[in-house]
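Heads up: the structure comes next, in structure tokens.
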Protein chains: 2
Amino acid sequence: MKRKPSTEATSAWIRLMRVQSRVLDCVEQDLKKAGFPPLAWYDALLELSRAPTGELRPVELERQMLIPQYSTSRLIDRLVDEGLAARRECKIDKRGQFVEITEAGRELQKRMWGAYSAAIEKYVGSKLSDADAVKLSALLDRLGCSCGEMKLPVNESATAR
Amino acid sequence: MKRKPSTEATSAWIRLMRVQSRVLDCVEQDLKKAGFPPLAWYDALLELSRAPTGELRPVELERQMLIPQYSTSRLIDRLVDEGLAARRECKIDKRGQFVEITEAGRELQKRMWGAYSAAIEKYVGSKLSDADAVKLSALLDRLGCSCGEMKLPVNESATAR
DNA sequence: TCAAGATTGATGCATATGCATCAAGTGCGG
DNA sequence: CCGCACTTGATGCATATGCATCAATCTTGA
């Protein structure tokens, strides 16, 4: 059976794209003006800081953040260069490694959250009632799941590009 | 007065980010597998094809697409290299120029819309009723406007990153 | 136990992006 | 009319990303 290409879906998608990129630009701009590194760093630090042991395998980080493998690899390089994380040997799998967040990393993550949450409040919270935010979340959730075959990690996390 | 950082807004924002990037990945993947260039090309071609005369000043394109000036400049380079657009002299302002879409450009835009609309249907339309899509659009609209000082072009357009 | 295949993470190379700056042209105030 | 600030669009350079591929290790199954 033929299904007419839904105008409503198209228009919702276009708004989704535009709003997301507009707001993201604003948020990143604020963070950058406050002298912070890109959001991807925050995401990684957050994931690491949440791990019970403060360390994760790169491959886990990659799956949490939904970014390609080489991207994870180089992101870790940068975090390590800045002393925000450290590579630790993985005894159970010699191919692999653990990435452990450092104290400096935890501290940066917390400071960034200050600026980040303020930006979210400014660009999202102030425009939407709590009830509407809940509705929005619910509608988005329906889109999120099972796009192709990957699974969407549902945890309250950061933003991953 | 102090305003507690809304958990709801935060969670809505995170979902917005994740869903957008997930679905966008899927859509771009489909387009790429079908042998098409990136969505940004489509956006530009669409804007050009919509212009009554089939041509726009780079600076207009830039404002429509919400991308930085140098990015527009180089995107146009690529379109021109591929014969999808042509630079035309601007008689009224000798600094400037017009970019005109070619027949090949119009044709590619139409072919891409075929694949693009199919992807939107697949990843968005099939997951959301029309009514829900409308609700989603409405909620997103509230976020879109007046982030900082720029204006959101409301026209039904493509996606601009 | 060992070979074939899969997984983990790094990297060389081409391309794309961000930033700063530039040259050319416009337009406004005096 | 002139000079000065602004707009338009391009570009050099550093950095980031995507793609393909690699080496090392792990796992499976005959």
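Every chain is numbered from 1, with letters handed out A, B, ... down the list of sequences. Keep in mind the model is a prediction, meaning the values are calculated, not measured.
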Is there any protein nitrogen or oxygen under 3.5 Å from a nitrogen or oxygen in nucleotides 19-21 of chain C, and what are the pairs?
residue, atom, partner, partner atom, Å
C/dC19, OP1, A/Lys32, NZ, 2.5
C/dC19, N4, B/Arg74, NH2, 3.4

Would you say A/Leu108 and A/Leu45 make side-chain contact, with heavy atoms under 4.5 Å?
-> yes
Does the B/Glu60 side chain pair with the main chain of B/Arg57, one donor and one acceptor, at a distance under 3.5 Å?
-> yes
Whole-Å distance between C/dG9 P and A/Leu61 CG?
-> 10 Å
Would you mind reading off the distance between A/Leu56 atom CG and C/dG9 atom P, rounded to a whole angstrom?
-> 11 Å
Which part of the nucleic acid, if any, lies within contact of B/Ser71, taking any heavy atom under 4.0 Å across all strands shown: a base, the sugar-phosphate backbone alone, or nothing?
-> nothing
Aromatic plane relationship, B/Tyr42 with B/Trp113 - under 30° parallel, 30 to 60° tilted, over 60° perpendicular | parallel
Taking the side chain as every heavy atom from C-beta outward, state whether B/Thr10 and A/Ile120 have any atom pair closer than 4.5 Å.
-> yes
Which atoms of nucleotides 23-26 of chain C (N or O only) lie under 3.5 Å from a protein N or O atom, and what are those distances?
residue, atom, partner, partner atom, Å
C/dG25, N2, B/Arg95, NH1, 3.1
C/dT26, OP1, B/Lys94, N, 2.9

Rounded to the Å, how far apart are A/Trp41 CH2 and D/dT15 P?
-> 12 Å
A/Glu60 atom CD is separated from C/dT7 atom C1', nearest whole Å, by 14 Å
Presence of A/Arg87 side-chain N/O under 4.0 Å of C/dT8 phosphate oxygens OP1/OP2 = no
Backbone of A/Gln69 reached by a side-chain donor or acceptor of A/Ser73 within 3.5 Å = no
Expected output: side-chain A/Glu28 to main-chain A/Asp25 donor-acceptor under 3.5 Å = no
Between atom CG in A/Leu75 and atom P in C/dT8, what is the gap in whole Å?
-> 18 Å
Whole-Å distance, A/Ile67 CD1 to C/dT8 P, equals 15 Å
Answer yes or no: is there a donor N or O on one side and an acceptor on the other, between the side chain of A/Thr102 and the main chain of A/Leu84, under 3.5 Å?
-> yes
Rounded distance in Å - CG (A/Asp81) to C1' (C/dA10) | 14 Å
Check whether any side-chain N or O of A/Ser73 sits under 4.0 Å from OP1 or OP2 of C/dA10, and answer yes or no.
-> yes
Tell me: CD of B/Gln29 to P of D/dG18, nearest whole Å?
-> 11 Å
Minimal non-hydrogen separation, A/Ala133 against B/Ala9, with atom names = CB-N, 3.9 Å
Is it possible for you to say whether A/Phe98 and A/Leu79 belong to one hydrophobic cluster, with membership spreading through side-chain heavy-atom contacts below 4.5 Å?
-> no
